[in-house]
Amino acid sequence: MGTASGLLTVVLLVLLSIVGFCHGGVTSSYVRKAEASPDLPKEAFPPPPGFNAPEQVHITQGDSGGQGVIISWVTPLMWHPNFVTYWAAEGNHKNYKLIASAKITSYKYYTYTSGYIHHATIKGLEYDTKYFYEIGIGECARLFHFRTPPKVGPDVPYTFGIIGDLGQTSNSNETLEHYIANPTAQTMLFVGDLSYADDHPNHDNERWDTWGRFIEKSAAYQPWIWTAGNHELDYAPQLKEYTPFKPYMNRYHVPYRSSQSTSPLWYSIKRASAHIIVLSSYSAYGKYTPQYTWLQKELTRVNRAETPWLIVLLHSPWYNSNNYHYMEGESMRVTFESWFVESKVDIVFAGHVHAYERSERISNVRYNITDGLSTPIKDQSAPIYITIGDGGNVEGIADSFTDPQPSYSAFREASFGHAILAIKNRTHAHYTWHRNQDSNAVAADSLWIYNRHYFPVEELSH
Ligand SMILES: [Fe+2]
């Protein structure tokens with residue numbers, strides 16, 4: 001009798017552990033040292049030599065489909081030179097030089113006055129072509145290059161990099177150098193929190209300049225697709241600065257009008273085989289708001305026959321099992337999650353939490369009240385949620401995960417790094433996450449991701 005009841009207890013314990021308690025994924029055993037990481041001194045980011053030399057050069061997509069580019073730069077002392085010379089390095093129009101002039105903006109923030117911020121939008125470029133561009137004149141001329149994407153189409157392979165919450169510390173530099181040394185990525189999907197200037201007294205906007213110089217080594221050569229995070233708000237009534245996103249929106253332009261958006265904080269682009277939607281966690285998104293009505297229409301415009309991969313970028317994650325920023329993305333999730341499931345979004349990339357986490361395909365759309373478990377359920381129409389706020393900024397690592405690991409969390413690790421999404425065709429994409437301490441060939445997390453529209457089978461997570 002005693003043996004039988006003991007056996008029953010063991011069986012019950014096993015069943016309970018399967019059903020309720022420890023069905024989560026992997027919490028990596030790798031533990032990064034929680035060391036202090038101050039921003040590098042301003043002197044670490046000197047401007048280029050020469051009087052009024054163009055600096056902080058960066059590019060982003062400039063139209064809906066990838067034949068456009070926005071080239072941005074800052075001249076510190078004079079508005080001139082206000083044009084960029086560009087030419088194809090190959091193809092029928094090789095070496096035929098053209099000139100585009102820029103719109104100039106500048107702004108004041110507390111006691112800071114920006115330099116002249118130039119944004120030149122160029123459209124009608126050839127697809128899949130290398131271009132050179134030159135900014136500045138005489139001894140201050142600076143030469144850069146980029147490659148346009150292939151024409152939008154369902155089986156066009158294309159590789160994206162993903163970084164979030166970068167900042168400007170030695171860890172940030174490790175992340176960016178590691179990313180640059182990984183030669184495969186063609187475009188950066190940046191999920192918000194850029195300079196962390198607002199962590200300095202009076203939101204020291206010179207830190208926006210140093211950050212622009214810092215990222216130039218990548219952002220001048222491949223497009224960075226921008227998402228706004230909370231560190232872009234720069235809303236500071238105590239400084240009489242009442243306009244949210246003022247430095248960010250002056251410095252980082254995006255092609256929002258090409259996707260019928262009325263704000264640069266939410267927009268979309270098509271690039272190769274991907275339709276990428278950018279949302280703002282820190283703008284209104286409730287029913288009837290501009291962002292809400294735009295997203296509702298935007299999802300009807302997605303054409304999976306043209307762009308099979310539907311990717312969303314936003315800053316505050318909807319699924320996060322870290323004690324840092326826990327459930328901050330919840331109200332946006334409640335507002336939009338059912339749309340993402342109906343639209344079969346493939347992947348949602350977020351930042352904000354300074355660690356790495358990948359979810360299972362789960363949703364909270366359908367509730368099963370009677371089973372007594374108020375937990376997300378597996379849903380093969382749901383996106384994979386990836387939190388990649390691990391760029392290495394001044395605020396340090398978020399090393400406090402909830403315990404036990406919840407069932408929706410497939411893999412998580414408190415380290416700095418970047419990710420690569422290599423789309424192969426309409427059905428398959430290879431995804432890898434690279435922690436800074438490893439060589440580039442090492443993927444600390446990897447997964448073959450299957451397209452939700454063309455091949456909606458369950459991925460082998462681990
Ligand atoms: Fe953030």
Side-chain angles (χ1 to χ4, degrees), residues 32 34 37-39 161-169 171-172 175-176 188-200 203-205 207-208 211-212 214-215 224-236 241 244-249 251-252 254 263-266 277-285 291 312-333 335-336 348-359 385-402 412-419 433:
R32 191 198 153 78
S37 54
D39 278 344
I162 308 103
I163 288 180
D165 303 66
L166 184 58
Q168 44 193 306
T169 71
N171 291 321
S172 322
T175 302
L176 190 53
M188 168 68 77
L189 306 179
F190 191 86
V191 292
D193 282 0
L194 284 64
S195 73
Y196 287 74
D198 60 347
D199 275 349
H200 291 267
H203 295 226
D204 183 358
N205 269 232
R207 283 296 180 178
W208 276 105
W211 197 76
F214 167 49
I215 62 157
W224 283 37
I225 308 304
W226 299 108
T227 313
N230 52 305
H231 286 278
E232 279 64 75
L233 277 161
D234 282 308
Y235 172 70
E241 290 296 344
F245 303 107
K246 189 205 271 185
Y248 171 73
M249 292 214 288
R251 291 168 182 274
Y252 295 93
V254 298
S263 168
L265 299 169
W266 55 88
I277 293 177
V278 177
L279 297 179
S280 174
S281 299
Y282 305 97
S283 305
Y285 47 75
Q291 185 168 204
V312 176
L313 314 181
L314 49 84
H315 186 64
S316 186
W318 294 1
Y319 287 96
N320 161 40
S321 70
N322 201 300
N323 288 313
Y324 288 92
H325 303 305
Y326 183 62
M327 288 184 81
E328 282 184 20
E330 191 66 358
S331 54
M332 191 187 227
R333 180 192 70 71
T335 308
F336 293 139
V348 176
F349 289 108
H352 200 39
V353 178
H354 301 159
Y356 173 75
E357 184 164 17
R358 172 172 58 79
S359 81
Y385 296 90
I386 291 171
T387 303
I388 184 151
D390 56 346
N393 62 69
V394 67
E395 295 177 355
I397 199 82
D399 56 358
S400 173
F401 286 115
T402 59
R412 57 187 191 173
E413 180 176 318
S415 290
F416 298 132
H418 71 271
W433 175 67

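We count ligands from 1, going down the list as the structure has it; atoms in each ligand are counted the same way. None of the values given here were measured: they were computed from a predicted structure.
Vertex the Fe ion (ligand 1); arms to N230 OD1 and H352 ND1; angle rounded to 10 degrees, 100°.
For the Fe ion (ligand 1), the nearest N, O or S atom contributed by D193 is named OD2.
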task: Please assess E395 against H354 for the test side chain to side chain contact (heavy atoms under 4.5 Å, CB included), listing each intermediate value before the final yes or no.
output: CA-CA 8 Å; E395 295 177 355; H354 301 159; 3.2 Å; yes
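Inclusion of S316 in the first shell of the Fe ion (ligand 1) is not supported: no N, O or S atom falls under 2.8 Å. Among the atoms of H315, an N, O or S atom falls under 2.8 Å from the Fe ion (ligand 1).
Side-chain atoms of Y324 and S400, non-hydrogen and from C-beta on, do get closer than 4.5 Å to each other. Residues L166 and Y196 are not in side-chain contact: their nearest non-hydrogen atoms beyond the backbone lie 4.5 Å or more apart.
The ring-ring contact (aromatic ring centres under 6.0 Å, His included) test with F190 is passed by exactly one of F349, Y252, W226: W226.
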